[in-house]
Amino acid sequence: MQALDIRPTTAADLPAITEIYEQAVRYGTATFELIPPDLAEMTRRFGVLTDGGFPYFTAAVEGRVVGYAYAGAYRPRPAYRFTVENSVYLEPATHRRGIGLRLLQRLIAECEARGYRQMIAVIGDSANAGSIGVHRKCGFQMIGTHPDVGFKFGRWLDTVMMQRALGDGGTTLPAA
Ligand SMILES: CC(C)(COP(=O)(O)OP(=O)(O)OC[C@H]1O[C@@H](n2cnc3c(N)ncnc32)[C@H](O)[C@@H]1OP(=O)(O)O)[C@@H](O)C(=O)NCCC(=O)NCCS
């Protein structure tokens, strides 16, 4: 494969990231959003995540942005503060070349370095073999399926919950 670079996302990457996500919203079932957020909204979300201390990474091949991954709060209530939920999206032409795996591995390592203890994937559509497969390869365990909780493109959609411990997971107490 041509040189793949995984690096912290900057504002300059957000137009390409907005386009990648727009395709996922319009044509895919991984996300349950129905209206693609515009660049201003993606910029606002990026700011909320990075200001909140969460990592956000860009994958670029030969300088062109082809994917991204980030972690965010799993749920807002404070006892969940050591648990993150992850997201990873690639442009369709670059699927199955190991880029999603590299992005997710980098995100996991960074979340461990920042002291988070659990990562949860809420995968849209139980037919999403790519997402289930890449999470399994990164050590996520299958937790279960919420059947028929989404409705998109005229059909009911499941969510699949997967989870991976980060660092010591629940075997030691956090520092603070
Ligand atoms: C899910 C996604 C990020 C995976 O990234 P990717 O670069 O295509 O996956 P990789 O090439 O890194 O695959 C890594 C491993 O995952 C598994 N995998 C990936 N795609 C798969 C598929 N379609 N079917 C089964 N297993 C798959 C395999 O174990 C694979 O390893 P292998 O190629 O050595 O067999 C990508 O397909 C994507 O962006 N999909 C659309 C958006 C999406 O579903 N995002 C996840 C939201 S929760």
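Computed from a predicted structure; not experimentally measured. Order of appearance sets the numbers: ligands from 1, and atoms from 1 within every ligand.
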Q) Given the protein's heavy atoms, is any one of them under 4.0 Å from atom 42 (C) of ligand 1? A) yes

Say you draw a straight line from CE of M162 to CZ of R136; how long is it, rounded to the nearest 0.5 Å?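 Reported value, rounded in 0.5 Å steps: 5.0 Å.
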
* Strictly under 6.0 Å, is that where the ring centroids of Y68 and F57 end up? -> no

>> Before we go on, tell me: are the rings of Y80 and Y74 under 6.0 Å apart, centre to centre?
In response: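 That pair passes the under 6.0 Å test.
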
Strictly below 4.0 Å, N to O, side chains only: are [X] and [Y] in salt-bridge contact?
| X | Y | answer |
| --- | --- | --- |
| E110 | R106 | no |
| E33 | R45 | yes |
| K152 | D125 | no |

Which residue owns the protein heavy atom closest to [atom], what's the atom, and how far is it?
| atom | answer |
| --- | --- |
| atom 44 (O) of ligand 1 | N128 ND2, 2.8 Å |
| atom 13 (O) of ligand 1 | V134 CG2, 4.2 Å |
| atom 22 (C) of ligand 1 | R96 NH1, 3.3 Å |
| atom 46 (C) of ligand 1 | V88 O, 3.2 Å |
| atom 25 (C) of ligand 1 | A129 O, 3.7 Å |
| atom 17 (C) of ligand 1 | G133 C, 3.4 Å |

Logged contact type for R136 with ligand 1, heavy-atom cut-off 4.0 Å, is neither

Quick look: N86 vs ligand 1, heavy-atom contacts under 4.0 Å, and the answer is neither

Inset, instruction - For residues F153 and T29, determine if any side-chain heavy atom of one lies less than 4.5 Å from a side-chain heavy atom of the other. - result: yes

Kindly indicate whether the side chain of L104, heavy atoms from C-beta on, has any atom under 4.5 Å from the side chain of H135.
yes

For this session: Only heavy atoms count here, so choose which of E85, Q23, K137 is nearest to atom 29 (O) of ligand 1.
Result: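 Comparing heavy atoms across E85, Q23, K137, the nearest one to atom 29 (O) of ligand 1 lies in K137.
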
At a 4.0 Å threshold, what atoms of ligand 1 neighbour a non-hydrogen atom of S131?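 Those of ligand 1 that fall under 4.0 Å from S131 are 1 (C), 44 (O), 46 (C), 47 (C), 48 (S).
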
- Element-labelled atoms of ligand 1 that are located less than 4.0 Å from some non-hydrogen atom of G98: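 Listed by number with element, the hits are 10 (P), 11 (O), 12 (O).
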
Contact (N/O only, under 3.5 Å) between [X] and ligand 1:
| X | result |
| --- | --- |
| L101 | yes |
| H135 | no |
| L90 | yes |

Practice prompt. Could you check T172 against R117 for side chain to side chain donor-acceptor pair (under 3.5 Å), going step by step and ending with a plain yes or no?
Written response: CA-CA 10 Å; T172 62; R117 293 299 186 92; 3.2 Å; yes

